[in-house]
Trainee: 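Have a look at the structure that comes next, please.
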Amino acid sequence: MRITTLFVLGCLLSVQAFAQVTYRRVKARSGDGVETLLSRHGLNPAQYGAAFRELNTAHLTRRQGLITGRTYRLPPAGAARKAPARTARAAAVPEVVGKGPISKSALFGPRYGAPAARYGTLRGAVFYLSSGHGGPDPGAIGQYGSFQLAEDEYAYDVTVRLARVLLEHGATVYVMVQDPNDGIRDENVLPMDYDEVQYPQLRIPLSQVQRLRQRIAQVNKLHARHGRAYQRLLALHVDSRSAGQTTDVFFYHHAGSAPGLRLAKNIHKVFTNRYRQAQPNRPYAGTVTERSTLYEVRNSHAPAVFMELGNIRNDRDQRRFVVADNRQALANWIAEGVIADYRGKQ
């Protein structure tokens with residue numbers, strides 16, 4: 001009898017303890033994956049990912065993805081697995097994003113600030129992020145009502161957002177074009193300016209050939225310094241075609257670069273899956289294509305992927321740029337593809 005009583009009491013205590021657990025509820029934003037959602041709310045995906053999926057299994061897609069606008073429960077602190085020691089050490093690894101008077105906090109701006117390397121997902125990886133044009137050359141121009149949209153401003157905003165995500169995952173990141181005062185911006189219309197500089201604090205030439213030579217020379221110098229590390233160049237641009245032509249994000253690589261092709265395919269796969277979730281009635285038409293004539297792709301010692309994010313002159317494509325959440329989604333999806341590539345590296 002005494003054993004039975006203790007058993008019942010134990011069950012009651014377990015039920016009460018379970019009932020006391022409260023879950024934070026959060027909404028998935030456009031472009032969110034499990035990792036980005038957990039990261040935004042201060043939870044390490046490596047520790048909390050399994051618990052999150054178990055809690056929300058009925059509300060995930062077939063591919064274990066999130067549905068934009070749906071509310072999800074965050075696992076409590078006790079649901080985390082103990083992180084491996086190497087992941088815990090990754091936060092102490094210094095990450096490089098610039099050199100000279102442009103500090104890390106200035107690069108990302110006061111709204112977002114300097115990120116901490118909270119996870120070891122990309123520890124040991126080195127990335128060179130090259131946003132198109134900059135300085136005296138704004139690149140392609142699109143008309144948005146009475147405003148003009150400059151390619152370099154939007155490519156730059158996605159680039160610094162991407163840099164921030166990669167840094168949070170423990171990567172070493174070099175932002176090859178830097179603006180001393182823009183940071184990450186959430187406005188729809190990003191004003192045009194001409195004060196960007198080339199890493200490390202070099203004036204950007206007006207000549208496109210000189211500009212690309214200068215940029216890739218710096219990338220290759222850094223590439224030699226990092227030796228046999230996993231190193232990749234990601235070049236982000238915004239296309240300009242006829243105003244009536246919509247384009248999905250597409251990717252170029254060098255014909256002789258197997259690592260570049262693999263990275264492009266991994267990022268493309270993420271975009272294909274994300275579009276399938278977000279817009280199931282609209283197939284994603286982005287492509288992966290060889291284009292060895294592109295200067296950055298042809299001359300970078302680091303395997304390179306050159307991305308065109310859309311047509312800045314097209315009304316529908318402009319929504320991909322003018323909405324800050326969409327710019328963040330682009331950065332998140334690129335980062336997700338990069339992580340998949342790094343995990344599968346040979």
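Remember, predicted model here, so these are calculated numbers, not experimental data.
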Trainee: Would a single hydrophobic cluster contain both Val189 and Tyr156, if residues Ile, Leu, Val, Met, Phe, Trp and Tyr are joined by side-chain heavy-atom contacts under 4.5 Å?
Mentor: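 Same cluster: Tyr156 reaches Val189 through Ile, Leu, Val, Met, Phe, Trp or Tyr contacts under 4.5 Å.
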Trainee: Indicate yes or no: at least one non-hydrogen side-chain atom of Gln218 is less than 4.5 angstrom from one of Pro200.
Mentor: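 They are in side-chain contact.
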Trainee: Would the number of heavy atoms belonging to other residues, nucleotides or ligands and lying under 6.0 Å from CD of Gln143 be above 12?
Mentor: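 For Gln143, atom CD is crowded (more than 12 foreign heavy atoms under 6.0 Å).
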Trainee: Does Val165 share a hydrophobic cluster with Tyr48, counting links as ILVMFWY side-chain heavy atoms below 4.5 Å and allowing steps through other members?
Mentor: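 Result: no, two separate clusters.
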Trainee: Can you hop from Ile334 to Val323 via hydrophobic side chains spaced under 4.5 Å?
Mentor: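 Yes; Val323 is reachable from Ile334 via cluster members.
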Trainee: Report yes or no: does Tyr72 contribute a side-chain atom to a donor-acceptor pair with the main-chain N or O of Ile67 at less than 3.5 Å?
Mentor: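 Yes, because the side chain of Tyr72 sits within donor-acceptor range (under 3.5 Å) of the backbone of Ile67.
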Trainee: Calculate, to the nearest 0.5 Å, the distance between atoms CG and CZ belonging to Leu129 and Arg161 respectively.
Mentor: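 The CZ atom of Arg161 is 14.5 Å from CG of Leu129, to the nearest 0.5 Å.
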Trainee: Membership question, hydrophobic clusters at under 4.5 Å side-chain separation (ILVMFWY): are Leu190 and Ile141 in the same one?
Mentor: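 Different clusters.
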Trainee: State the CG-CZ distance between Leu66 and Arg53, to the nearest 0.5 angstrom.
Mentor: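 Separation between the atoms: 8.5 Å.
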Trainee: Roughly how far, to the nearest 0.5 Å, is the CD1 atom of Ile267 from the CD1 atom of Ile339?
Mentor: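 So the gap between those two atoms works out to 11.0 Å.
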Trainee: Among Arg313, Arg320, Arg319, find the one that has a side-chain hydrogen bond (donor to acceptor under 3.5 Å, both in side chains) with Asp317.
Mentor: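 The single option meeting the side-chain hydrogen bond (donor to acceptor under 3.5 Å, both in side chains) with Asp317 is Arg320.
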Trainee: For Gly337 and Asn266, which heavy atoms make the closest approach, and how far apart are they?
Mentor: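 Minimum heavy-atom contact is O-CB, 3.6 Å.
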Trainee: Run the side-chain contact (heavy atoms from CB on, under 4.5 Å) test on Val160 and Asp179 for me, step by step, so that the C-alpha distance in whole Å, both residues' side-chain angles and the decisive distance to 0.1 Å come before the verdict.
Mentor: CA-CA 10 Å; Val160 287; Asp179 191 294; over 6 Å; no
Trainee: Might you point out which heavy atoms bring Ile312 and Ala140 nearest each other, and give the distance in Å?
Mentor: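 Minimum heavy-atom separation between Ile312 and Ala140: CG2-CB, 4.0 Å.
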Trainee: Backbone N or O of Thr293 within a donor-acceptor pair of the Arg298 side chain at under 3.5 Å?
Mentor: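 It does hold such a pair.
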Trainee: If Ile, Leu, Val, Met, Phe, Trp and Tyr residues are connected whenever their side-chain heavy atoms lie under 4.5 Å apart, and connections chain through other members, are Val238 and Leu330 in the same group?
Mentor: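 Cluster IDs for Val238 and Leu330 match.
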Trainee: Taking the side chain from Tyr128 and the backbone from Gln231, do they hold a donor-acceptor pair closer than 3.5 Å?
Mentor: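 No, Tyr128 side chain to Gln231 backbone: no donor-acceptor pair under 3.5 Å.
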Trainee: Report the distance from atom CZ of Arg24 to atom OG1 of Thr71, rounding to the nearest 0.5 Å.
Mentor: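 These two atoms lie 14.0 Å from each other.
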Trainee: Between Glu187 and Arg111, does the salt bridge (Lys or Arg N to Asp or Glu O under 4.0 Å) criterion hold? Intermediate values first, please.
Mentor: CA-CA 12 Å; Glu187 294 79 13; Arg111 295 181 187 176; 2.5 Å; yes
Trainee: Would you say the side chains of Glu296 and Ser130 form a donor-acceptor pair under 3.5 Å?
Mentor: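 Side chains of Glu296 and Ser130: pair found under 3.5 Å.
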Trainee: Considering residues at least two apart in sequence or located in another chain, which fulfil the side chain to side chain contact (heavy atoms under 4.5 Å, CB included) criterion with Pro115?
Mentor: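 If we apply the side chain to side chain contact (heavy atoms under 4.5 Å, CB included) test to Pro115, skipping adjacent residues, the hits are Lys104, Phe108, Arg164, Leu167, Glu168.
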Trainee: Grab the two heavy atoms, one from Leu202 and one from Gln214, that are nearest each other, plus how far apart they are.
Mentor: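 Answer, listing the atom of Leu202 first, then Gln214: CB-NE2, 3.7 Å.
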Trainee: With sequence neighbours left out, which residue pairs that include part of residues 256-293 fulfil the ring-ring contact (aromatic ring centres under 6.0 Å, His included) condition?
Mentor: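 Every ring-ring contact (aromatic ring centres under 6.0 Å, His included) pair that includes a residue of residues 256-293, provided the two are not neighbours, is Phe251-Phe271, His268-Tyr284, Phe271-Trp333, Tyr275-Tyr284, Tyr275-Trp333.
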Trainee: Report the residues that fulfil ring-ring contact (aromatic ring centres under 6.0 Å, His included) with His59, sequence neighbours left out, ordered by chain and then residue number.
Mentor: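 Result, ring-ring contact (aromatic ring centres under 6.0 Å, His included) vs His59: none returned.
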Trainee: Between Tyr342 (side chain) and Arg123 (backbone), is there a donor-acceptor pair under 3.5 Å?
Mentor: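 Between the backbone of Arg123 and the side chain of Tyr342 there is a qualifying donor-acceptor contact (under 3.5 Å).
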Trainee: Return the set of residues passing side chain to side chain donor-acceptor pair (under 3.5 Å) with Asn311 (not counting sequence neighbours), or none when no residue passes.
Mentor: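 In terms of side chain to side chain donor-acceptor pair (under 3.5 Å), with neighbours along the sequence ignored, Asn311 is linked to no residue.
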Trainee: Supply the members, apart from Val297, of the Ile/Leu/Val/Met/Phe/Trp/Tyr cluster built from side-chain contacts under 4.5 Å; use none for a lone residue.
Mentor: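 Its cluster mates, by chain and number, are Phe250, Tyr252, Leu294, Phe306.
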Trainee: Would you please test His133 and Glu151 for side chain to side chain donor-acceptor pair (under 3.5 Å) and show each step?
Mentor: CA-CA 8 Å; His133 306 274; Glu151 172 184 1; 3.1 Å; yes
Trainee: Would you mind listing every salt bridge (charged side-chain N to carboxylate O under 4.0 Å, His left out) that reaches into residues 198-222, with sequence neighbours excluded?
Mentor: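 Residue pairs with at least one partner in residues 198-222: Asp137-Arg211.
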Trainee: Nearest 0.5 Å please: distance from the OG1 atom of Thr272 over to the CD atom of Gln277.
Mentor: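 Interatomic distance, Thr272 OG1 to Gln277 CD, rounded to 0.5 Å: 11.0 Å.
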Trainee: What's the spacing between Arg327 CZ and Ile184 CD1 if we round to 0.5 Å?
Mentor: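 Atom-to-atom, Arg327:CZ and Ile184:CD1 are 10.0 Å apart.
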Trainee: If we only count heavy atoms from C-beta on, is the Asp315 to Thr246 side-chain gap below 4.5 Å?
Mentor: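 A side-chain contact is absent here, since even the closest heavy-atom pair is not under 4.5 Å.
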Trainee: Please check: side-chain N/O of Ser292 versus main-chain N/O of Ala255, any donor-acceptor pairing under 3.5 Å?
Mentor: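 Flag set: sc Ser292 to bb Ala255 pair under 3.5 Å.
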Trainee: Is it true that the NZ or CZ of Arg232 lies under 6.0 Å from the centre of Tyr230's six-membered ring and within 45 degrees of the ring axis?
Mentor: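 Yes, Arg232 sits over the ring of Tyr230.
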Trainee: So, for Val175 and Tyr199, which heavy atoms are closest and what is the spacing to 0.1 Å?
Mentor: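 Here Val175 and Tyr199 meet closest at O-CB, 3.7 Å.
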Trainee: Go through it in stages, so that I can follow the logic: the residues are Ile216 and Leu233, the test is side-chain contact (heavy atoms from CB on, under 4.5 Å), and I'd like the CA-CA distance, side-chain angles, deciding distance and then a yes or no.
Mentor: CA-CA 10 Å; Ile216 294 304; Leu233 168 67; 4.0 Å; yes
Trainee: What is the minimum heavy-atom distance between Asp193 and Asn181, and which atoms define it?
Mentor: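 For Asp193 versus Asn181, the nearest heavy atoms are OD2-OD1, 4.1 Å.
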Trainee: Measuring only between side-chain heavy atoms, which start at C-beta, is Leu55 closer than 4.5 Å to Tyr23?
Mentor: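 Answer yes - side chains close enough.
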Trainee: Report yes or no: does Asp157 contribute a side-chain atom to a donor-acceptor pair with the main-chain N or O of Arg185 at less than 3.5 Å?
Mentor: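 Judged by distance alone, yes, a pair lies under 3.5 Å.
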Trainee: Taking all non-hydrogen atoms of both residues, which atom of Ala229 and which atom of Val126 are closest, and how far apart?
Mentor: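 Taking every non-hydrogen atom into account, CB-CG2, 4.2 Å.
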Trainee: If you apply the rule salt bridge (Lys or Arg N to Asp or Glu O under 4.0 Å), what do you find for Lys269 with Asp341, and how did you get there?
Mentor: CA-CA 11 Å; Lys269 182 178 180 180; Asp341 190 74; over 6 Å; no
Trainee: Quick one, Val270 and Arg274 - any side-chain contact, counting heavy atoms below 4.5 Å?
Mentor: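 Side-chain contact under 4.5 Å: yes.
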Trainee: Does Asp239 offer a backbone N or O that forms a donor-acceptor pair with the side chain of Glu308 under 3.5 Å?
Mentor: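 Side chain of Glu308 to backbone of Asp239: a pair is present.
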Trainee: Taking it one step at a time, do His253 and Glu290 satisfy side-chain contact (heavy atoms from CB on, under 4.5 Å)?
Mentor: CA-CA 5 Å; His253 65 93; Glu290 170 270 316; 3.9 Å; yes
Trainee: Distance-only, no hydrogens or angles: does the Asp152 side chain make a donor-acceptor pair with backbone N or O of Gly135 under 3.5 Å?
Mentor: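 Not at all, since once roles are kept as given, no pair shorter than 3.5 Å links the two residues.
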Trainee: Check step by step if side-chain contact (heavy atoms from CB on, under 4.5 Å) holds for Met176 and Thr159.
Mentor: CA-CA 10 Å; Met176 303 311 296; Thr159 297; over 6 Å; no
